[in-house]
Structures are given as structure tokens and as C-alpha cells.
Participant: 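The structure is given below, and queries will be raised subsequently.
Residue numbers start from 1 in every chain, and the chains themselves are labelled A, B, ... in the order their sequence lines are given, proteins ahead of strands.
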There are 2 protein chains.
Amino acid sequence: MTTPAGQRILEQASALFYAHGITAVGVAGIAEAAGVTKKTLYDCFGSKSALITAYLQRRHNQWWAELQERLAERPGVDTVFDTYLAHSQFDTELGCGFQRAAAELPHDHPAFAVIRAHKQAVRDELERLTGDPERADFLFLLLEGAVARRAFEGTTEALEYARGVAADRPTSAPTAD
Amino acid sequence: MTTPAGQRILEQASALFYAHGITAVGVAGIAEAAGVTKKTLYDCFGSKSALITAYLQRRHNQWWAELQERLAERPGVDTVFDTYLAHSQFDTELGCGFQRAAAELPHDHPAFAVIRAHKQAVRDELERLTGDPERADFLFLLLEGAVARRAFEGTTEALEYARGVAADRPTSAPTAD
DNA sequence: CTCCAGGTATACCGACCGGTCTCGTCGAGA
DNA sequence: TCTCGACGAGACCGGTCGGTATACCTGGAG
């Protein structure tokens with residue numbers, strides 16, 4: 001799992017799962033991309049299912065680390081939005097990896113718990129930052145809407161708009177232009 | 001396409017694509033569920049890709065018809081939310097079929113245009129109902145966030161909360177319980 | 001009567017699926 | 001020196017993928 005080969009497998013699996021979808025990507029393709037045989041892949045992860053779980057866990061860990069780093073030097077709600085915005089530079093226009101995975105995986109798949117935990121963590125972080133559960137719920141709603149829209153609009157427009165709304169502007173005030 | 005067999009194929013394809021994901025469902029399974037041979041399926045639709053497009057088009061048409069019906073007897077923004085809420089009774093906890101499809105399909109897939117058109121239509125309808133593009137954008141954001149959350153939370157809680165926010169309540173006022 | 005659309009049944013295609021297996025190699029630690 | 005874990009090469013498994021082909025049946029319209 002911590003071996004160099006295991007690392008390469010996880011990296012390639014992450015890239016491929018995110019880019020093409022979990023179901024659409026085969027273990028043979030992952031192994032080949034990692035310069036590894038299927039045997040090594042199965043020695044390291046045991047099953048495709050476990051590899052999927054590891055992929056989402058890794059994705060959460062990386063994203064969370066970046067969020068905490070940014071929050072450390074500039075605490076506040078809009079740093080959360082900024083992290084999504086910055087992340088979208090290499091997350092491309094495909095949208096949130098967890099939303100994408102949630103759309104493909106059955107709800108009782110072991111990896112689905114990782115998705116739920118990730119989203120819960122984000123919501124809880126918003127509550128920690130605002131000290132207001134109600135407001136956290138609202139901001140979380142904006143966030144999810146914005147990243148969902150990025151998936152089919154292909155731009156960060158909605159995300160930037162949502163950040164503007166979150167920046168304490170009252171519900172109805174315009175922010176555009 | 002309009003033949004009885006074609007209809008049954010489309011119905012079964014819709015149910016299976018939505019429930020298990022587009023990539024995960026094979027044409028053989030669809031044909032079997034429709035009580036039809038693969039040849040008939042290919043005579044009617046030509047390819048899996050075209051069947052996917054037809055599935056999303058049909059889904060849009062059905063949903064749109066229901067929305068207009070409801071709007072006719074009770075115009076207003078919250079009827080849009082109510083339609084999602086009512087729809088979720090047979091859409092189950094899996095979330096928006098268009099968001100699910102968008103997560104699986106490459107952005108240049110012919111069916112992706114149907115997804116974009118559907119979402120655009122919803123946004124435009126909100127603009128028509130409010131007469132305010134800015135407010136429509138905001139409501140659309142709430143809507144997308146709520147249906148996205150339904151996908152991994154498995155409840156309509158976020159949708160009901162969003163309807164509360166949309167019912168002109170100012171951003172920060174609580175609505176829970 | 002004839003023709004044809006709309007079917008059924010079934011075999012087939014090459015490619016790929018997730019997963020297992022054997023065999024061999026290589027380098028580091030006891 | 002010997003062993004053991006990490007890995008490569010590659011064959012193999014049963015099954016499914018999207019898609020095509022051949023042959024046959026049937027009911028209704030010309």
C-alpha cells in the first residue's frame with residue numbers, strides 16, 4: 001500500500017477514475033498506466049472496489065490538507081470557496097470528484113461512506129467557521145450547487161457567483177458584472 | 001422509435017440507466033428487460049449512444065410536461081421546488097438523472113447537449129417566473145445544490161430547506177424544524 | 001397474392017471485464 | 001549466504017461488452 005508501485009497505481013487510478021469515470025476504467029488500464037502488472041495491483045489493493053475506496057480517501061486527504069493550509073493563513077468562509085476555485089485548475093471542468101463518484105457507485109458500496117464523510121466534513125468545517133449551523137447549511141447548499149453546475153457548464157462562473165453571495169451579501173442583492 | 005417495441009426498450013433503458021448508471025448497463029440487459037432481441041433494439045436506435053440520448057430526451061420531456069402542468073394550476077417559483085420534491089418519490093434517493101448522466105458521459109457526447117439544454121431550460125423558466133435574471137441564477141444555484149445533496153444524503157431534506165430559503169426568506173433567517 | 005415492415009431466435013465477432021495463477025528476478029536485511 | 005518481500009511477464013479463467021449477420025415468422029396494406 002505504501003510501496004512505490006502502490007503509490008503509482010493510486011496516482012494513475014485517481015487520474016483515470018476522475019477523468020473517465022470509475023466504471024469506464026478497467027484495472028488492466030490502470031496497471032498499464034502505472035507501469036505495473038495486474039498482479040502487483042492486486043497484491044497492493046486486493047480488488048477494484050478497494051482501489052476505488054483508496055482513490056476517494058486519497059482525494060479527500062489531499063483536498064482537506066490544501067483546505068487546512070489555506071485556512072491557516074487566511075481563515076474565513078470564502079477561503080473554502082477559493083480552495084474549490086483554485087482546485088478547479090487541475091480538477092478541470094469535470095466537476096467534483098465526489099459528486100461524480102456518487103453518481104456511479106451504489107449507495108451501499110464501501111467507498112460511498114468516504115463520500116458521505118467528505119461532504120459531512122466540509123459542512124462541519126463551515127459550521128466551525130461560522131459558528132452558525134443554519135448559515136453553514138445555507139453555505140453548503142451554495143457550494144454543492146456551484147460545483148454541480150461546474151460539471152455541466154464547464155466554467156467556474158457559478159462558483160465565483162456563489163462566493164459573492166456567500167460574502168455575506170443578502171440573498172437578493174445582485175453581484176454580477 | 002414510435003413502435004411498441006421501441007417504447008418498451010426506451011422505458012426499460014430509462015429505468016436501468018437511471019438506477020444503475022449508463023456505463024454499467026449493457027444493451028443485452030436492456031433488450032432482455034424489454035422482452036426484445038438485440039436486433040430489434042439496434043433496428044430502433046442504431047447504437048447505445050443514440051439510446052442514451054433518447055433516454056435523456058425522454059426524461060426531459062416527461063419532467064418538463066409535469067412541471068408545466070403544475071405551473072399551470074399554481075404558478076410560482078416554489079412550484080418548481082415542489083415538482084422536484086414530488087418527482088423524488090419515484091426518482092428515489094438517487095438524485096437528478098441529468099447530474100448522474102453528466103458525471104458519466106464525456107462532455108462531447110451527443111447526449112451531453114441534452115443535459116445542458118435541460119438545465120438551461122430550468123434556469124430560463126426560473127427567470128421567466130421571477131422576471132429577474134439575478135434572482136433566477138440564485139434560485140437555480142439553490143436547486144442544483146439541493147438535488148446534488150439528495151444524491152449522497154438520500155433525503156429530500158436539502159430540497160425542502162432550499163424551498164424554504166427560496167420562499168423569499170432572507171439569507172440568514174432559520175427555517176428548520 | 002404479394003410484399004414488406006416489424007418482429008423473434010440465435011450464433012457470432014473481437015475486445016475487454018475483474019480476478020487468479022505460475023514462474024522468474026532482484027535487492028535488502030538477518 | 002540465505003531468505004523473503006516486492007515486482008515483472010504473461011497465460012489463463014468465465015463472463016460480458018457493443019455490434020453484426022443469417023434465417024425465419026407474421027399481419028396488414030398495395
Participant: Between the side chains of E144(B) and Q99(B), is a donor N or O closer than 3.5 angstrom to an acceptor N or O?
Facilitator: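 Side-chain D/A pair, E144(B) to Q99(B): present.
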
Participant: With rounding to the nearest 0.5 Å, note down the distance linking CD1 in I30(B) to CZ in F17(B).
Facilitator: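 Reported value, rounded in 0.5 Å steps: 3.5 Å.
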
Participant: Could you tell me how far apart Q7(A) (CD) and dC7(D) (C1') are, to the nearest whole angstrom?
Facilitator: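 So the CD-C1' distance, Q7(A) to dC7(D), works out to 16 Å.
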
Participant: I'd like to know whether R70(A) forms a side-chain hydrogen bond (donor to acceptor under 3.5 Å, both in side chains) with T79(A), so could you lay out the CA-CA distance, the side-chain angles of the two residues, the decisive distance to 0.1 Å, and finally the verdict.
Facilitator: CA-CA 7 Å; R70(A) 287 171 176 271; T79(A) 293; over 6 Å; no

Participant: What N/O pairs connect the protein and nucleotides 26-30 of chain C at under 3.5 Å? Give each pair on its own line.
Facilitator:
none

Participant: Atom CD of E32(A) to atom C1' of dC16(C): distance rounded to whole Å?
Facilitator: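 Between C1' of dC16(C) and CD of E32(A): 13 Å.
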
Participant: Do any of residues 100-111 of chain B sit with a heavy atom less than 4.0 Å from DNA chain D, and if so which?
Facilitator: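 Of all residues in residues 100-111 of chain B, none places a heavy atom under 4.0 Å from DNA chain D.
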
Participant: Please find out if less than 6.0 Å separates the ring center of W63(A) from that of H118(A).
Facilitator: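 Under 6.0 Å, so yes.
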
Participant: Of the non-hydrogen atoms in H107(A) and E93(B), which two are nearest, and what is the gap between them?
Facilitator: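 Closest approach of H107(A) to E93(B): CE1-O, 3.4 Å.
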
Participant: I'd like to know whether I22(B) forms a side-chain contact (heavy atoms from CB on, under 4.5 Å) with T23(A), so could you lay out the CA-CA distance, the side-chain angles of the two residues, the decisive distance to 0.1 Å, and finally the verdict.
Facilitator: CA-CA 9 Å; I22(B) 292 170; T23(A) 316; over 6 Å; no

Participant: Would you say CD of Q68(A) has more than 12 non-hydrogen atoms from neighbouring residues, nucleotides or ligands within 6.0 angstrom?
Facilitator: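 Count over threshold, so yes.
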
Participant: Starting at atom CG of L41(A), determine the distance to atom C1' of dT20(C), rounded to an integer number of angstrom.
Facilitator: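 For the pair L41(A) CG and dT20(C) C1', the rounded distance is 13 Å.
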
Participant: Can you tell me the distance, in whole Å, between the NZ atom of K48(B) and the P atom of dC16(C)?
Facilitator: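 It is 16 Å, rounded to the nearest whole Å.
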
Participant: Could you tell me if R150(B) and T155(B) have a donor-acceptor pair between their side chains, going purely by distance under 3.5 Å?
Facilitator: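 The criterion, which ignores hydrogens and geometry beyond distance, is not satisfied for R150(B) and T155(B).
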
Participant: Can you build the contact string for nucleotides 7-14 of chain C? Use B for base contact, S for sugar-phosphate-only contact, and - for no protein heavy atom under 4.0 Å.
Facilitator: SBB-----

Participant: Rounded to whole angstroms, how far apart are CZ on F17(A) and P on dC17(C)?
Facilitator: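 Computing the F17(A):CZ to dC17(C):P distance gives 11 Å.
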
Participant: For Q62(A), I'd like to know if atom CD has over 12 heavy atoms of other residues, nucleotides or ligands within 6.0 Å.
Facilitator: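 Counting neighbours around CD of Q62(A), more than 12 heavy atoms of other residues, nucleotides or ligands fall under 6.0 Å, so yes.
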
Participant: Does R59(A) make a cation-pi contact with Y18(A), if we ask for NZ or CZ under 6.0 Å from the ring centre and within 45° of the axis?
Facilitator: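 Here R59(A) passes the 6.0 Å and 45° test against Y18(A).
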
Participant: Just verifying a value: how many Å separate Q12(A) CD and L51(A) CG, rounded to the nearest 0.5 Å?
Facilitator: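 Taking CD in Q12(A) and CG in L51(A), the distance rounds to 11.5 Å.
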
Participant: Could you tell me how far apart H20(A) (NE2) and dC16(C) (P) are, to the nearest whole angstrom?
Facilitator: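 After rounding, the reported distance stands at 14 Å.
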
Participant: Separation of I9(B) atom CD1 from dG18(D) atom P, in whole Å?
Facilitator: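 Going from CD1 in I9(B) over to P in dG18(D) covers 14 Å.
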
Participant: What is the distance, to the nearest angstrom, from the CG atom on L51(B) to the P atom on dC17(D)?
Facilitator: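 In whole Å, dC17(D) P lies 14 Å from L51(B) CG.
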
